Amino acid sequence: QVKLVESGGGVVQAGGSLRLSCAASGLLVSDYNTGWFRQATGKEREFVAAVSGKSGRLDYTDSVRGRFTLSRDNAENTVYLQMNNLKPEDTAVYYCAVAWQIGLAYGPREYDFWGQGTQVTVSS
């Protein structure tokens, strides 16, 4: 049974940092695409970042590029999202997800497994 558990969310002032964790069980994150999405109140779930299986290729949405860094610890079977210089518009529930494929996936419908989400609130 695949399980993804996010942690690390919280409340931070603009300009601050948070690191989200996504601990996986039931599969190896090194083998499959793992992504981070976020959903703000009243908005659709949007892609934030992803890492492909095997090759570890990374990609980010433009609004977080240069501020957020996705990393993967294969030994811990955990994926992280380091978020720096946070802005109020980054406020959302953040989800990690795994797509049952090797290459990068960008759309929510491409993902097969989801965590429960962790709230990130950035105050101005």
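We're numbering straight along the sequence, starting at 1. As the structure is a computational prediction, the values presented were derived from the model and not from experiment.
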Checklist entry - Between R72 and S52, is there a donor-acceptor pair closer than 3.5 Å when you use the side chain of the first and the backbone of the second? => result yes
Checklist entry - Do side-chain atoms of E76 reach the backbone of D73 as a donor and acceptor pair under 3.5 angstrom? => result no
Next on the checklist: Working to the nearest 0.5 angstrom, can you tell me the gap between R38 CZ and M83 CE?
Outcome noted: 9.0 Å
Checklist entry - How about I102: does its CD1 atom have over 12 heavy atoms from other parts shown lying under 6.0 Å from it? => result no
Item to check | In one Ile/Leu/Val/Met/Phe/Trp/Tyr side-chain cluster, 4.5 Å: Y106, V48 | outcome: no
Checklist entry - Which atom names give the shortest non-hydrogen contact between A24 and L4, and what distance separates them? => result CB-CD2, 3.6 Å
Checklist entry - If you look at every heavy atom in V29 and N77, which pair is closest and at what distance? => result N-OD1, 2.9 Å
Item to check | Value rounded to 0.5 Å, distance of OG in S25 from NZ in K3 | outcome: 6.5 Å
Checklist entry - T91 side chain to T121 main-chain N or O, any donor-acceptor pair under 3.5 Å? => result no
Checklist entry - Does V122 share a hydrophobic cluster with Y95, counting links as ILVMFWY side-chain heavy atoms below 4.5 Å and allowing steps through other members? => result no
Checklist entry - Does the side chain of S17 come under 3.5 Å of the side chain of N84 through a donor N or O and an acceptor N or O? => result yes
Checklist outcome for this item: Shortest non-hydrogen pair, A105 vs A50, comes out as O-CB, 4.0 Å
Checklist entry - When V120 is tested against each of L18, V11, V93 for side chain to side chain contact (heavy atoms under 4.5 Å, CB included), which residue passes? => result L18
Item to check | Transitive ILVMFWY side-chain link L58 to V79, under 4.5 Å | outcome: yes
Checklist entry - Is E6 reaching over with its side chain to a backbone N or O of S21, donor-acceptor style, under 3.5 angstrom? => result no
Checklist entry - Between Y60 and R65, which heavy-atom pair has the shortest distance, and what is it? => result O-NH2, 2.6 Å
Item to check | Geometric class of the W100/Y32 ring pair [parallel <30°, tilted 30-60°, perpendicular >60°] | outcome: parallel
Checklist outcome for this item: Closest non-hydrogen contact found for N85 with R67 is O-NH1, 2.9 Å
Checklist entry - Hey, is the main chain of V98 close enough, under 3.5 Å, to the side chain of N33 for a donor-acceptor pair? => result no
Next on the checklist: Test of understanding: clusters of I, L, V, M, F, W, Y form through side-chain heavy atoms closer than 4.5 Å, transitively. Do Y94 and F47 belong to the same one?
Outcome noted: no
Next on the checklist: Check D90 with K87, please: is the shortest side-chain N to carboxylate O separation under 4.0 Å?
Outcome noted: no
Next on the checklist: As a quick check of understanding, evaluate ring-ring contact (aromatic ring centres under 6.0 Å, His included) for F37 and Y111, giving each step before the final call.
Outcome noted: CA-CA 11 Å; F37 287 76; Y111 285 78; 5.0 Å; yes
Checklist entry - Distance under 6.0 Å and angle within 45° of the ring axis: does R19 meet both against Y80? => result yes
Checklist entry - Is it the case that one hydrophobic cluster holds both W36 and F113, taking links as side-chain heavy atoms less than 4.5 Å apart, direct or via other members? => result yes
Checklist outcome for this item: Here the gap from T118 atom OG1 to L20 atom CG, rounded to the nearest 0.5 Å, amounts to 6.0 Å
Checklist entry - Is a side-chain N or O of Q101 found less than 3.5 angstrom from the main chain of G103, in a donor-acceptor match? => result yes
Item to check | Where L70 and T34 come nearest, the two heavy atoms and their spacing | outcome: CD1-O, 4.3 Å
